[in-house]
Structures are given as C-alpha cells and as structure tokens.
Undergrad: 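Before we start, here is the structure in question, set down as structure tokens.
So that the names make sense, note that chain A is the first sequence line, chain B the second, and so on, each numbered from 1.
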Amino acid sequence: MSSSKSPLAGIRIADFTIHAAGPFCTHLLSQLGAECIKIESQTRPDAFRKPHAVYGRMAAATFDQVSANKLSVRLNLKQPEAVVLAKQLVGISNVTAESFRPGVMNRLGLGFDDLRQSKPDLVMLSLSSCGQSGPDSHFAGYAPLFGAWGGLGSMTGYSDGPPVEMRHVMDHSAGLHAAMAVMAALHQHRRTGQAQHVDLAAREVASAMIGDALVQASFGMTPERPGNGDLGKAPHGIYATGKPDRWLTLAIRNDTEWRRLQQLVGEDVCEERFATMPGRLQHRKDLDQLLSKWLACCDADATAELLQQAGICAHVSWTMQDIADDAHLRARRALVEVSAPDIPPRLAVGAPARFSRTDDVGIRRLTPALGQDEDYVFGELLGLSAAQRADLEVREVIL
Amino acid sequence: MTANVVTPLPQLPLSGCRIVERSRTVAAAYAGRMLAAMGADVVMLEPSAGTSLRKAAPLLDGTGESALFAYLAVGKSSQMCDMETPSGQATLAHALEHADIFIDDTPLCERGSLHLTPEAIATRFPKLVHVSVLPFGASGPKAHWDGEEINLLHAGGEGFLLPNGLSNELYPDRPPLKIYGHFAGYQGGCAAALSALSAWWVVDTAGGQYVDVSVQDAVLSVGAFALQRLGDGSLEHRETRRFRYGGVFAAKDGYVELLTLEDRQWSALVALLGSPSWASEEGLRDPLNRSRRGDEINAHIRAWMAQHSVDDIVLRAQELGVPAGKYRTPAEVVHGEHERARGLFASTQLASGMHVEALVAPFQFRCTPLRGGERVPALGDMARKAQ
C-alpha cells in the first residue's frame, strides 16, 4: 500500500464507517498513508454500492471517492464469530472508526468498552449526528440536518429568504475534523500508551462553522444572516457579468484596494462617499449597483485576471467543469486523474496537502469490490487458512 | 487581565506540542485554534498593532471586540513580533527554536525579505514542521493569487452550487449564495492542522518538513462529491442539485429540515403526515418512482407542514424515526439542552474582562475531556506573564 515516504505509513485502521462523513475521515487518513480495512457485508453494503434515488443516482457508483484507497472485507456482524474476527482486526489496528447511530456498536458487542477489554490501549473514533451523549444522541440525521441543528443552516441564506440546507460539504467537513482529532489521539497514544475515544458530533462541526455568531449570541446579541455581504468589507459580493450565469466574486478589504479598483472602473465610482470603508459600507447598495453596471458587460474570467493582477481579491464562481479544467489544481495534485481496468480515466480529489519529505500521498487504488482483499486481511493478517475461510463463508459468517 | 497560564497537562491529546502561529487569515488562525483546543501550547506572533483579525467583523456591542477573533484566539498566547525589525527576527528565531510546528500564512511575495521561505526555515530549524496556509497554496501557477472567503468558496466549486432547494426555487434569478461566515477558511485550517499533525507524526524519522496547504484545495476536497458526479457525466448546478423530495419546509412558526433516504423512513414519513390517501398510491411504493415524482410529493408535504408548528413536527418525527430537525438560531444552539449536556461551550474571558461563551471544540475526547474556559489573549500577553 503506502511507502515509508508516506506520513502515516504503518498506521492501520479498522474501518466500520458508512455513508459519507466517517468514510471521508478514513479516506483522508488513507491518502496520507494509513492502511484502511473497510468492514461491511453483503447484507448491509455501504451506500455507494446501491442506487441513491433521492440524490438522483439510479445505480451503484462505479467510482466512489471516499472508499478509494481502502481494502474491503466482508463480515456479517450479526454472527458472534464475525464479531470475534472484527475484534481481531481491531486488535491489529492502530485506530478503529465507526459512524453508526450511538448504541449500534454496543449492541454488536463492538462498543468502546467491549473493545477495550481485549485492547486496553484502543484508539477509537465514533462519528455520529449528535454525539455519544446528550438528550438528542439518538437522533438520526444527514448533512442538511447537521446544518439545521448546528445553526449553520439558519445563518446561511438570502437576508429575506429561508434558511439553506447544507450538502455533502457538511458531511465531509465532519470527516475532515474527525481525521484531525484522530491524529491528535494517535499522538496522545504514542506519548501515554492510553486508550482514547474520540466522539465527534457532526452537528457540532456545523456549530463550529458559526463560532463567531455563537459568541455574539452568548453576549446577548442577535446575529443577522448577511447573505453575500460582509459586515466589514465593501464592495463584497457576487456579481453578474456579460455571460449568463457567469458570476464574479469580489472582496475589497481596505481603502488601498478600493483605490486600485477605482482606477479600473473609472469615474463612475469616484465619489467621496465611497472613499472610506465606513462610507462604502453605509452606501453599499449604491456601490453594488454601480459595480454591477460596470461588470454587466465584462468577461468574468478576464476581469478576475485583471483584478488579481491589480492585487484585488476576485475569482469567477466556478463550476466543477471549470475546476476539472484548471491547470493550477492539477499542478498541485489537488486534482488527480485516476483509472482502473473497468473505470476509464476520470478526476478525483487528491491529498489534503503537499509534503516536502513524506511526499508519497494520494490515491493508490480505487473503489474496492466487496470482499476483494480477504486473502490479505483474513489470510495473511489474521492467519486464517483457506479451509477455515471457506467454512466461515458456508456458515455466512463471512458474507 | 492575566495571560493564559499554559500549565502542562499531560492528559490532553496534544499536551507538550509547541506551536508558533503567524496568522492574518481565518484559515491559519483556525488551525492553531483547533490544536490549542486539543492541548497544544500555541503562541501567536503578532505585529505591535495586533493581527488584523482582532478587528474583524462581527464585533461585540459595547466592547467593540471581535467575536471572530475571540472564537479563533481562545486558549492561545500572544507575543508581539515585528518581523521587519532585528528584534522581531530574534523573537521569531527564539520561538521557532522551541517549537514543533510553525503555522504561517505570510503571502509568498513577503516571505523572502522576512526570512520565512521554506529553505530558510529548514536550514535553521531542521526538526520543525513548517506549515504554509495560503488561499491558493504556495505552489502552482496561481500561488500568488489572493482570495477572501467569498472568492475561495467559489474557487473550490461549492459556491456555485448554493443555494439549492427552497431558496433557489423562491429566488431563481439571484446570484449564488455563500455559506455563512468562513466555511472555506475553516476547511483550510482544519486541513492544515491535520497535515501538521501528520508531518509531526514522522518527525523523528523524516525530520522536519514543509507542508503546503491551500484553502481552495480544502474546499474542493470537502466538495469531492460534485467532482465525482462530474466523472459520472453530471455537471451539477444549484437549480438541479436538490433532493428529489424533502429539504427545507416552512412550518407555522419556523423552518424544518426533513430528509428520508431509506424505505423505512419513507413509511415513517407517511405515518407522520397522517397516512394520507395520496401516499398510499401503488406507484409511490418504489423509491425510484418516488424520486421521479418528487415535486408532487413535496407539494403535499409543504401543505401539511404549513399547518403545524416546528416543535410538534420534529418531536413526532423523531418518535417515528423520520430524520427531521428544526433550523435553530445561534441563541438556541448556545442555550441548547443537548449542547449544555455535552459541555460544548465554556465561559471565556475577553481582553476587556467581559465574559462570553465560546465553543470548546467540535469533538470530544471521552477519556481525557478537553478543558475549555481559557482566555482570549490580550496583545502581547506573554510579556505580561513574564513580568
């Protein structure tokens, strides 16, 4: 799998996570070099192996980003012998990760306290909607619900409109935070040899995204939804350009940047009332109208280049096709081309950073077929013979 | 006002980890904030005028202090360091000599003159993990580009896709909409903290190294599903990226989010709606058919929601196993029973001496709970502590 040039080479994860948030966490760690063993079963396959009609996907995914890099084994955890094998996998792993609703792992005999009996220095991640404790801990939910519960949904939206539902970025943000917390737990384990149970509630990650508004609320203030505006910057927003649905994002942080913009826009915006930030904030509607008039005939891409050359923060609102075509992201390997015998070349997201020394990071293999790595995991790592495995399959322990 | 007393607490996950942070962006500050929350000793090196984040909106009524800075700086220490001066360079060198990780968001064009290039740092501090956090990263043809939150959320692809669902239906001609606050910056910061801890993991074998993190990359990373959809042949757009049914609904007294992905949840939703005759139609038993008739289903749900209160809906929904939740305000989150039970917030003293509640961390370490409750550092509080 990974080489000694990977930062997390030698780390092994027993991965019970499902859906998006938990799998994204372990996927990130696998991109950094961890060996990740995904444990599922034919009776309870993960979401990407099935149609996802509500998202408009009418068949199983051929490529699934968050399952890439992972090894796959089958265990029917309703069978006690499968639970024993799962515990053995936990025993040879540095991290155990799960994302079931609180209580499910306990019922399977795989809760933190159960596993700690056989592995006293267990490092375990439990990622869930609402966490392992608290009155709402039994609530089931998905990304839009995390945003609603956590306050991010109500703070996002047009000022005069309804709240906005968060999508997969909310799941994956939870997974990213989980990966960071797991790394901290690994450092702690290395230092102390002690067990740790990381409890991540995705709704609390949504709350972390409005940490400033929560400080205001605790101070008795009522934070308002700013839409595309910014309380401290003007002009600031998303503007139509000469081509339909081709938007330009723009942020002016100070008077120096404003004067640069003035030079490009011309005399239409050379009014004294716009000279200072307080003035621009006070007259932001008028300012936006003038800028909209200027940008209405502009080419968004050329204008973004022009503004950046002038030292002004600007960027086109990019579609995924724009991103796919971007030389910068490809040069950074944030965007990588992947392929397999049955998967034509396509783009995927690369490692979260570039490392100067341990630079062997990224995607090494694509979506695993269910149970494709059992020779290695059950055979080599757990030492099961072919006959033993065949018997376990007949008795639907491996299923 | 006294400084944060950084007492070694070996029980915290990152106790003993020493971090120097030079930040004027949310991304770099959030990286340090997350690491501080987990027990690391984080020192902000600030110019004598203070980091610009100290004045960043939103501000608190009365004190004029930045709520954003309070959130980002709690638990850190502050040391004044004017990098352009010899004494500032000496302060930096002394700090880095004793550090494990250096988080820096200095623009590329300023790094040479300030001796902050990766080569200069690696030569002087070979065991240091040097993490660069920039809007577009430190390498690649656009590394010199600058960007604020609104630019970066759109440069990473998610901005174009918002809003979807009800907001887009109501206002189809409006521009795309950013996520509140600093979502992109937080992703960049979290990626930086993850990468810093990963590089530090191998410091004994690989030595120190340079880590290049980009906020744009991080936004793209968490938006990976849209890229995956592109590979499947579907270019997503905010008008069409919506749940076939479910989403945001206006109730009598607020908004509810409802989403059913599994068959049993659909059955529970039908029960929640009072088992209306339209829902028992044979054609709606198949989930694929339901998706094709999503607009029709949503119209029924909207009519029903409008007649009920949020609390009644979500209480009954959770009893039946329907994933549904209230769109809560920040005040409801701060004072939430669930959040209180989990200790999500801790009282925090501002530089002015006033107190606020700040979110401790969006994760818990159940064997060694995080402490929270540290102060927001006054500018240069380390010097006062030393006196």
Undergrad: Would you call Met38(B) and Gln188(A) a side-chain contact if the rule is heavy atoms closer than 4.5 Å?
TA: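 A side-chain contact is absent here, since even the closest heavy-atom pair is not under 4.5 Å.
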Undergrad: What I'd like to find out is whether the side chain of Asp232(B) reaches to under 4.5 Å of the side chain of Arg346(A), using heavy atoms alone.
TA: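 Heavy-atom side-chain distance check passes, below 4.5 Å.
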Undergrad: Where the side chain of His315(A) meets the backbone of Asn151(B), is there a donor-acceptor pair that is under 3.5 Å apart?
TA: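 Checking the backbone N and O of Asn151(B) against the side chain of His315(A), no donor-acceptor pair under 3.5 Å is found.
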Undergrad: Please flag which part of Leu28(A) lies under 4.5 Å from any non-hydrogen atom of chain B: side chain, backbone, both or neither.
TA: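 Contact with chain B involves the side chain of Leu28(A) alone.
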Undergrad: If every non-hydrogen atom of Ile150(B) is compared with every non-hydrogen atom of Ala251(A), which pair is closest and at what distance?
TA: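 For Ile150(B) and Ala251(A), the tightest heavy-atom pair comes out as CG2-CB, 4.1 Å.
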Undergrad: Is it the side chain or the backbone of Gln321(A) that comes within 4.5 Å of chain B heavy atoms, both, or neither?
TA: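 Interface part for Gln321(A): both.
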Undergrad: Taking side chain as everything from C-beta outward and backbone as N, CA, C, O, which of these in Tyr30(B) sits under 4.5 Å from a heavy atom of chain A? Side chain, backbone, both or neither.
TA: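 For Tyr30(B), the contact with chain A is made by the side chain alone.
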Undergrad: Is any side-chain heavy atom of Tyr186(B) closer than 4.5 Å to a side-chain heavy atom of Ser173(A)?
TA: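 Contact flag for Tyr186(B)/Ser173(A) side chains = no.
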Undergrad: Side chain, backbone, both or neither: which part of Gln228(B) has a non-hydrogen atom closer than 4.5 Å to chain A?
TA: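 Both the backbone and the side chain of Gln228(B) come within 4.5 Å of chain A.
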Undergrad: Shortest non-hydrogen contact from Val215(A) to Ala67(B)?
TA: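 Looking at all heavy atoms of both residues, the closest pair is CG1-CB, 3.9 Å.
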Undergrad: For the pair Glu236(B) and Arg167(A), find out whether any cationic side-chain nitrogen is under 4.0 Å from an anionic carboxylate oxygen.
TA: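 Between Arg167(A) and Glu236(B) there is no salt bridge, as every charged N stays at least 4.0 Å from the carboxylate O atoms.
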Undergrad: Go through the atoms of Leu220(B) and report whether side chain, backbone, both or neither lie under 4.5 Å from a heavy atom of chain A.
TA: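 Both backbone and side chain of Leu220(B) come within 4.5 Å of chain A.
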Undergrad: Counting only non-hydrogen atoms closer than 4.5 Å, does Ile323(A) touch chain B with its backbone (N, CA, C, O), its side chain (CB onward), both, or neither?
TA: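 The side chain, not the backbone.
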Undergrad: Using side-chain heavy atoms (C-beta onward) and a distance below 4.5 Å, is Met209(A) in contact with Pro362(B)?
TA: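 A side-chain contact under 4.5 Å is absent here.
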Undergrad: Can you give me the closest heavy-atom contact between Ala224(B) and Val349(A), atom names plus distance?
TA: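 Nearest heavy atoms, Ala224(B) then Val349(A): CB-CG2, 3.7 Å.
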Undergrad: Quick one: does Glu305(A)'s side chain get under 4.5 Å of Trp145(B)'s, heavy atoms only?
TA: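 Answer yes - side chains close enough.
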Undergrad: What part of His130(B) gets within 4.5 angstrom of chain A, counting heavy atoms only: side chain, backbone, both, or neither?
TA: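 Contact with chain A involves no heavy atom of His130(B) at all.
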Undergrad: What are the two closest non-hydrogen atoms of Ser167(B) and Pro163(A), and how far apart are they?
TA: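 Closest approach of Ser167(B) to Pro163(A), heavy atoms only: OG-O, 3.8 Å.
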Undergrad: Treating Gln196(A) as the side-chain partner and Arg366(B) as the backbone partner, does any N or O pair qualify as donor plus acceptor under 3.5 Å?
TA: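 Flag set: sc Gln196(A) to bb Arg366(B) pair under 3.5 Å.
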Undergrad: Taking side chain as everything from C-beta outward and backbone as N, CA, C, O, which of these in Leu60(B) sits under 4.5 Å from a heavy atom of chain A? Side chain, backbone, both or neither.
TA: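 Contact with chain A involves both backbone and side-chain atoms of Leu60(B).
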Undergrad: Ignoring hydrogens, what is the shortest heavy-atom contact between Glu257(B) and Ala148(A)? Give both atom names and the distance.
TA: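 Closest approach of Glu257(B) to Ala148(A): CB-CB, 4.0 Å.
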Undergrad: Using non-hydrogen atoms only, which part of Leu230(B) is less than 4.5 Å away from chain A: side chain, backbone, both, or neither?
TA: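 Only the side chain of Leu230(B) comes within 4.5 Å of chain A.
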Undergrad: Taking side-chain hydrogen bond (donor to acceptor under 3.5 Å, both in side chains) as the cut-off, I'd like each qualifying pair that reaches into residues 214-225 of chain A, sequence neighbours left out, listed once.
TA: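 Every pair satisfying side-chain hydrogen bond (donor to acceptor under 3.5 Å, both in side chains) with a residue in residues 214-225 of chain A: there are none.
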Undergrad: Answer yes or no: is there a donor N or O on one side and an acceptor on the other, between the side chain of Gln209(B) and the main chain of Arg357(A), under 3.5 Å?
TA: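 Yes; at least one donor-acceptor contact below 3.5 Å.
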Undergrad: At what distance, to the nearest 0.5 angstrom, does NE2 of His236(A) lie from CD of Glu148(B)?
TA: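 These two atoms lie 6.5 Å from each other.
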Undergrad: Starting at OG1 of Thr249(A), measure out to CZ of Phe160(B) and round the result to the nearest 0.5 Å.
TA: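 Answer rounded to 0.5 Å: 13.0 Å.
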Undergrad: Are any side-chain N or O atoms of Ser356(A) and backbone N or O atoms of Tyr210(B), one a donor and one an acceptor, separated by less than 3.5 Å?
TA: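 Checked: pair present.
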Undergrad: Considering all heavy atoms of both residues, which atom of His328(A) and which atom of Lys142(B) are nearest to each other, and what is their separation?
TA: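 Looking at all heavy atoms of both residues, the shortest contact is ND1-N, 2.9 Å.
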Undergrad: With a 4.5 angstrom heavy-atom cut-off, could you sort out which part of Tyr255(B) is near chain A: side chain, backbone, both or neither?
TA: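 Tyr255(B) touches chain A through side-chain heavy atoms alone.
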Undergrad: Any donor-acceptor pair under 3.5 Å linking the side chain of Asn228(A) with the backbone of Lys178(B)?
TA: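 Yes, because the side chain of Asn228(A) sits within donor-acceptor range (under 3.5 Å) of the backbone of Lys178(B).
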Undergrad: Short question: side chain of Tyr71(B), backbone of Ala208(A) - any donor-acceptor pair under 3.5 Å?
TA: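 A pair under 3.5 Å: yes.
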Undergrad: Which value, rounded to the nearest 0.5 Å, describes the distance between Leu335(A) atom CG and Leu227(B) atom CG?
TA: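 CG of Leu227(B) is found 6.0 Å from CG of Leu335(A).
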Undergrad: Are the side chain of Arg332(A) and the backbone of Ser139(B) linked by a donor-acceptor contact shorter than 3.5 Å?
TA: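 Answer holds: yes.
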Undergrad: Do Lys233(A) and Glu149(B) pass the salt bridge (Lys or Arg N to Asp or Glu O under 4.0 Å) test, and can you show the C-alpha distance, the side-chain angles, and the key distance before you say yes or no?
TA: CA-CA 11 Å; Lys233(A) 301 183 187 78; Glu149(B) 172 72 20; over 6 Å; no
Undergrad: Do side-chain atoms of Ser317(A) reach the backbone of His154(B) as a donor and acceptor pair under 3.5 angstrom?
TA: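 Side chain of Ser317(A) to backbone of His154(B), a donor-acceptor pair under 3.5 Å: no, none is there.
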Undergrad: Side chain, backbone, both or neither: which part of Thr63(B) has a non-hydrogen atom closer than 4.5 Å to chain A?
TA: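 Answer is side chain: those atoms of Thr63(B) sit under 4.5 Å from chain A.
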Undergrad: If I take atom OH from residue Tyr142(A) and atom CZ from residue Phe243(B), how far apart are they, to the nearest 0.5 angstrom?
TA: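 So the OH of Tyr142(A) and the CZ of Phe243(B) are separated by 10.0 Å.
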Undergrad: Chain B heavy atoms under 4.5 Å from Asp160(A): which part of the residue, side chain, backbone, both or neither?
TA: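 Backbone plus side chain of Asp160(A), per the 4.5 Å heavy-atom cut-off to chain B.
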Undergrad: Check this for me, if you would: do Asp146(B) and Arg253(A) make a salt bridge, where the nitrogen-to-carboxylate-oxygen distance has to be below 4.0 angstrom?
TA: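 Salt bridge flag = yes for Arg253(A) with Asp146(B).
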Undergrad: Heavy-atom cut-off 4.5 Å, strictly under: side chain, backbone, both or neither for Gln265(B) against chain A?
TA: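 Looking at Gln265(B), just its side chain touches chain A.
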Undergrad: Given heavy-atom pairs under 4.5 angstrom as the criterion, report whether the side chain, backbone, both or neither of Ala122(B) touches chain A.
TA: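 Nothing of Ala122(B), per the 4.5 Å heavy-atom cut-off to chain A.
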Undergrad: Can you tell which of His335(B), Arg241(B), Met354(B), Glu339(B) has the highest number of heavy-atom pairs within less than 4.5 Å of chain A?
TA: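 Ranked by heavy-atom pairs under 4.5 Å with chain A, first place is Arg241(B).
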Undergrad: Could you give the distance from CZ (Phe219(A)) to CD (Glu357(B)), rounded to the nearest 0.5 Å?
TA: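 Answer for the CZ-CD pair, Phe219(A) versus Glu357(B), is 12.0 Å.
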Undergrad: Parallel, tilted or perpendicular: which describes the rings of His187(A) and Trp201(B), with under 30° parallel and over 60° perpendicular?
TA: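 Rings of His187(A) and Trp201(B): perpendicular, as their planes differ by over 60°.
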Undergrad: Count the heavy-atom pairs under 4.5 Å between each of Val222(B), Leu152(B), Leu194(B) and chain A, then report the option with the highest count.
TA: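 Maximum pair count with chain A is reached by Val222(B).
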Undergrad: Can you say whether Leu177(B) sits under 4.5 Å from chain A via the side chain, the backbone, both, or neither, judging by heavy atoms?
TA: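 Contact with chain A involves both backbone and side-chain atoms of Leu177(B).
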Undergrad: Taking atom OG of Ser198(B) and atom CG of Leu186(A), what is their separation to the nearest 0.5 Å?
TA: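 The OG atom of Ser198(B) sits 9.0 Å away from the CG atom of Leu186(A).
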Undergrad: Charged N to carboxylate O below 4.0 Å: is that the case for Arg342(B) and Asp136(A)?
TA: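 A salt bridge is absent here (no side-chain N lies under 4.0 Å from a carboxylate O).
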Undergrad: Can you tell which of Leu166(B), Leu259(B), Asn164(B), Leu258(B) makes a side-chain contact (heavy atoms from CB on, under 4.5 Å) with Glu165(A)?
TA: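 Going through Leu166(B), Leu259(B), Asn164(B), Leu258(B) one by one, the side-chain contact (heavy atoms from CB on, under 4.5 Å) with Glu165(A) is satisfied by Asn164(B) alone.
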Undergrad: Just so I know, are the side chains of Arg229(B) and Met320(A) near enough to count as touching, which here means a heavy-atom distance under 4.5 Å?
TA: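 They are not in contact (no side-chain heavy atoms under 4.5 Å apart), so the answer is no.
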Undergrad: Does any non-hydrogen side-chain atom of Leu125(A) lie less than 4.5 Å from one of Phe363(B)?
TA: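 Not touching, per the 4.5 Å side-chain cut-off.
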Undergrad: What part of Ala218(B) gets within 4.5 angstrom of chain A, counting heavy atoms only: side chain, backbone, both, or neither?
TA: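 No part of it gets close to chain A.
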Undergrad: Are Arg328(B) and Arg203(A) packed together at the side-chain level, in the sense that at least one heavy-atom pair is separated by less than 4.5 angstrom?
TA: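 Touching, per the 4.5 Å side-chain cut-off.
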Undergrad: Heavy-atom cut-off 4.5 Å, strictly under: side chain, backbone, both or neither for Gln318(B) against chain A?
TA: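 Just the side chain, heavy atoms under 4.5 Å.
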Undergrad: With side chain to side chain donor-acceptor pair (under 3.5 Å) as the test, would you mind laying out the steps for His182(B) and Asp212(A) before giving the verdict?
TA: CA-CA 10 Å; His182(B) 300 272; Asp212(A) 52 355; 4.7 Å; no
Undergrad: Please state whether the side chain, the backbone, both or neither of Arg290(B) comes within less than 4.5 Å of a heavy atom of chain A.
TA: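 No part of Arg290(B) comes within 4.5 Å of chain A.
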Undergrad: Do Arg174(B)'s NZ or CZ and the ring of Tyr158(A) fall within the cation-pi criteria of under 6.0 Å and 45°?
TA: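 Positive - Arg174(B) is close enough to the ring of Tyr158(A) and near enough to its axis.
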